[in-house]
Amino acid sequence: MKRRTATRQTDRAAFYDRHGVLGEVIEQPVPFALDEELRAQILSGKRGRRLQNLSIKLDPAQIQALRRIATMKAIPYQTLIRQWFGRRDPAGAATNG
């Protein structure tokens, strides 16, 4: 399986070496909105949520997958994990899909 993935990545790299990536860049505004309360907290410096460190052991492939998903969403992987935890209630049932 690794050989197939490596070949696919090599093919993709060769394609972009020949064609470049700038033709795929779209010059459009990106829609972005913050909740008004969150925006006000950030601007006023009152967003004082303290985070606590947590250490867990994960398989390197899991970490790589987390980082790729986070990169696709354009957020840090730690934020992605916090979002996933935030979607579950203490009993483990999904709350927000």
**Ile69: side chain to side chain contact (heavy atoms under 4.5 Å, CB included) partners, not counting sequence neighbours** = Met72, Lys73, Leu80, Trp84

**Item:** Within 6.0 angstrom of Gln62 CD, more than 12 heavy atoms from elsewhere
**Value:** yes

**Fill in**
Sequence neighbours excluded, the answer for side-chain hydrogen bond (donor to acceptor under 3.5 Å, both in side chains) partners of Thr71 is none

**Request:** Tell me, please, which residues at least two apart from Leu54 pass side chain to side chain contact (heavy atoms under 4.5 Å, CB included).
**Result:** Ile56

**Complete:** dist Ile81:CD1 -> Ile75:CD1 (nearest 0.5 Å) comes out at 10.0 Å

**Asked** Taking only residues two or more places apart in sequence, or in another chain, which ones meet Glu36 in a side chain to side chain contact (heavy atoms under 4.5 Å, CB included)?
**Response** Arg39

**Asked** Taking only residues two or more places apart in sequence or in another chain, which ones pass side chain to side chain contact (heavy atoms under 4.5 Å, CB included) with Arg67?
**Response** Ile63, Tyr77

**Asked** With no hydrogens and no angle check, is any side-chain donor or acceptor of Ser44 less than 3.5 Å from a backbone partner on Ala40?
**Response** yes

